Each structure stands twice: as structure tokens, then as C-alpha cells.
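Structure, as C-alpha cells:
Being a predicted model, the structure only gives us computed values, none of them experimental.
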Amino acid sequence: MDTTLSRQRAAGATLAITGLAAALACALSAAAAGFGHGLGMWTFRTGFAILRWSVYIGIGAGAAALAGAAIALVAGSRKHAVLGLAGALVALAVVIPPWTLQKTAGVVPRIHDITTDTDNPPQFVALREVREKSWNGAAYAGEKIAVQQKAAYPDIKPLNTELAPAAAFERALAAARRMGWDIAAAEAADGRIEATATTRWFRFKDDVVIRIKPHGAGSRIDMRSMSRVGRSDLGANAKRIRAFFAEFKNR
């Protein structure tokens, strides 16, 4: 009986500790996948591959850790039961974010250029050369993506304000700065603001152009947000436009 119990404890301890160690390694690899791309150590495709394998191995590590926790608990080893549970939680933390992104990818259109004016989108000027050298270029794909955008993001429309163009420009520029974007151009005479937004994890760079024109007694604000790489933006550009307009109105 004692021998059986000892074997159970040993098996539980091995699974729990191994699962926890593997889960922690996967967490570090997943984090490095994005930060390594941001530091220029590898391409985003390599980063995605590292992330994908971190998730696959993380699932196995979590299962092993959970099994170890269960065996350890039955064998009366609370210490290893806690370690196994910790491993399962770490594995879950590794798996959930990519799973959420994958789920999002299945419901949003595979486009990366979002604008409030699909007939006459704001044009990049200061950032045009950078965009033309990027994976996705600078040109708007027209009706091909306009239809998809309108179906997926019907709320992405111009913002009309009672502010005069000059006042609207200053407020828009202040809002862009509060968003943490790198301002590339702020041409008050043209009513044009260009900026680059950098994502936190993979450090992807998405470019933004804001256009402010007179509209009645006030102004009309149009915006375009476009990713430099990737066919799908996972809804990031539409989210950025919503966030900017909310920031503009709140202040």
C-alpha cells in the first residue's frame, strides 16, 4: 500500500513539475515571439510560428500539469497538487490570447485598410514613401474591400463636429498625441494629420491619416488606418478609428 502511494506521489510530482516547467517555457517563448519581432530578430511569420508551437506544446504541458495535480491530490501531496494547478493556469494563460485572436480572425474580414470614406479615402503624403516600401503598400483597393468593410463595420463613418476646421484640427492633433502615436505630419493648412501607431506585443506598425475639412458651419473628420504587414488586421484598424473618435469627443 505504501509502495503504491509512493509511486502515485512520485508520478504526480513528476507530471506536475514537468508540466509547470514546460508551461513556463511556453509562456516565455510566446512572449519572445512578439518581442523578438519588435526587436528585428525575426520576421512576423517566424514570430507567429514560434507562437503557434508555444500554444501546441502549452496545451500538452497544461494537460500534464493538471493530471499531475489530480494524482498528487489523491496521493495526499498538496504541494505538488498546487504546482500542477499552477502549471495548468500558466498553460491556460499561454493558450487563451492566441485562441481569442484566432476566433476573431474567423469573424472579421481579411482586410487591413479601414477608412471612414471608402469613395475618397484620405491619402498618405508624409508617410507615402514608407508605405510604398511596406508589405501592403499605400494604394486603396477600392470596392473590393469597401464592400467587406461596410458589412463588417457599418459604424465606421465620418465624424461631424460643430467645431471650425482650425479648432477641430487642434483637438484632433491633441487626441492623436494622447493615443501615443508617432506624429509624422501635422499640416493645419491642409487639415491633414499623419501618424504611426505601434502595437504593444509584436510591435506592428499601422499608419493613420486624418483629414479635416469644412462641413456646413463646422467640420467633417475622416480617418484611415492601414497596417503595413499582414492580410488581416484582426479588427485592429476599425478599433483604432473608434478609439480615436471617442478620444476626440471626450476631450
Side-chain angles (χ1 to χ4, degrees), residues 38 100-101 104 107-128 130-131 134 136-141 145-146 148-230 232-251:
T100 301
L101 291 176
T104 300
V107 297
V108 299
R110 291 177 62 80
I111 56 178
H112 53 260
D113 189 357
I114 306 297
T115 177
T116 57
D117 188 346
T118 56
D119 294 321
N120 181 29
Q123 297 298 308
F124 292 101
V125 179
L127 289 171
R128 185 168 187 82
V130 173
R131 286 229 52 94
S134 72
N136 289 330
Y140 185 67
I145 65 170
Q148 297 180 67
Q149 177 190 307
K150 290 175 182 178
Y153 313 117
D155 61 310
I156 300 299
K157 298 177 180 179
L159 175 63
N160 294 323
T161 173
E162 295 179 354
L163 294 173
F169 179 89
E170 291 302 323
R171 180 180 286 192
L173 181 58
R177 286 173 173 156
R178 288 195 299 272
M179 297 288 288
W181 302 340
D182 295 321
I183 307 300
E187 301 294 338
D190 298 334
R192 173 173 49 82
I193 299 169
E194 295 182 60
T196 299
T198 304
T199 63
R200 293 181 180 179
W201 186 10
F202 268 77
R203 308 301 292 174
F204 287 126
K205 293 186 180 299
D206 300 338
D207 297 311
V208 170
V209 54
I210 300 164
R211 182 180 66 203
I212 301 166
K213 295 292 184 183
H215 181 73
S219 308
R220 165 174 162 159
I221 303 176
D222 281 293
M223 180 174 172
R224 182 181 179 189
S225 184
M226 187 179 187
S227 304
R228 291 186 187 177
V229 299
S232 173
D233 65 3
L234 300 178
N237 288 301
K239 186 182 296 184
R240 183 174 296 113
I241 292 175
R242 294 189 193 107
F244 172 76
F245 281 167
E247 183 68 24
F248 180 93
K249 289 186 281 188
N250 287 341
R251 299 298 178 93

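- Evaluated for a side-chain hydrogen bond (donor to acceptor under 3.5 Å, both in side chains) with Asp117, the options Lys157, Arg224, Arg211 yield exactly one hit, Arg211.
- Using a 4.5 Å heavy-atom threshold, the side chains of Val209 and Leu127 count as separate.
- Of the possible donor and acceptor atoms, none in the side chain of Ser219 sits under 3.5 Å from a partner among the backbone N and O of Thr161.
- No side-chain donor-acceptor contact under 3.5 Å links Thr196 and Asp182.
- Side-chain atoms of Gln123 come within 3.5 Å of backbone atoms of Pro121 as a donor-acceptor pair (strictly under, hydrogens ignored).
- At least one side-chain heavy atom of Val108 sits under 4.5 Å from a side-chain heavy atom of Tyr153.
- Shown here for Ala138 and Arg128, the closest heavy-atom pair between the two residues is CB-NH1, 4.1 Å.
- Between Ile145 atom CD1 and Arg110 atom CZ the span is 14.0 Å, to the nearest 0.5 Å.
- A cation-pi arrangement, defined by a distance under 6.0 Å to the six-membered ring centre and an angle within 45 degrees of its axis, is absent between Arg228 and Phe204.
- From Leu101, atom CG reaches atom CG of Leu234 across 6.0 Å, with rounding to the nearest 0.5 Å.
- Tested against Glu247, the residues Arg178, Arg242, Arg171 include a single salt bridge (Lys or Arg N to Asp or Glu O under 4.0 Å) partner, Arg178.
- Note: Asp222 CG to Ile212 CD1 = 10.0 Å, rounded to the nearest 0.5 Å.
- In terms of heavy-atom proximity, Ile114 sits nearest to Ala238 at CG1-N, 4.0 Å.
- Of the possible polar contacts, one joining the Gln149 side chain to the Thr115 backbone as a donor-acceptor pair under 3.5 Å is found.
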Just do the side chain to side chain contact (heavy atoms under 4.5 Å, CB included) check on Leu163 and Phe248 with the steps written out, would you? CA-CA 11 Å; Leu163 294 173; Phe248 180 93; 4.0 Å; yes
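- Here the side chain of Gln148 pairs no donor or acceptor atom with the backbone of Pro109 at under 3.5 angstrom.
- Minimum heavy-atom separation, Ala126 to Arg192: N-NH1, 4.1 Å.
- The ring-ring contact (aromatic ring centres under 6.0 Å, His included) test applied to Phe244 returns Trp181, not counting sequence neighbours.
- Between the side chain of Arg131 and the main chain of Met226, a donor-acceptor pair closer than 3.5 Å is present.
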Walk me through whether Ser227 and Asn136 qualify under side-chain hydrogen bond (donor to acceptor under 3.5 Å, both in side chains). CA-CA 7 Å; Ser227 304; Asn136 289 330; 5.5 Å; no
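- Across all their heavy atoms, Met223 and Ile210 have their closest contact at CG-CG1, 4.1 Å.
- For Thr116 against Ile221, the heavy-atom pair with the smallest separation is OG1-O, 4.4 Å.
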As a quick check of understanding, evaluate side chain to side chain contact (heavy atoms under 4.5 Å, CB included) for Leu159 and Lys249, giving each step before the final call. CA-CA 9 Å; Leu159 175 63; Lys249 289 186 281 188; 4.0 Å; yes
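- Of all heavy-atom pairs between Asp206 and Thr199, the closest is OD2-CG2, 4.4 Å.
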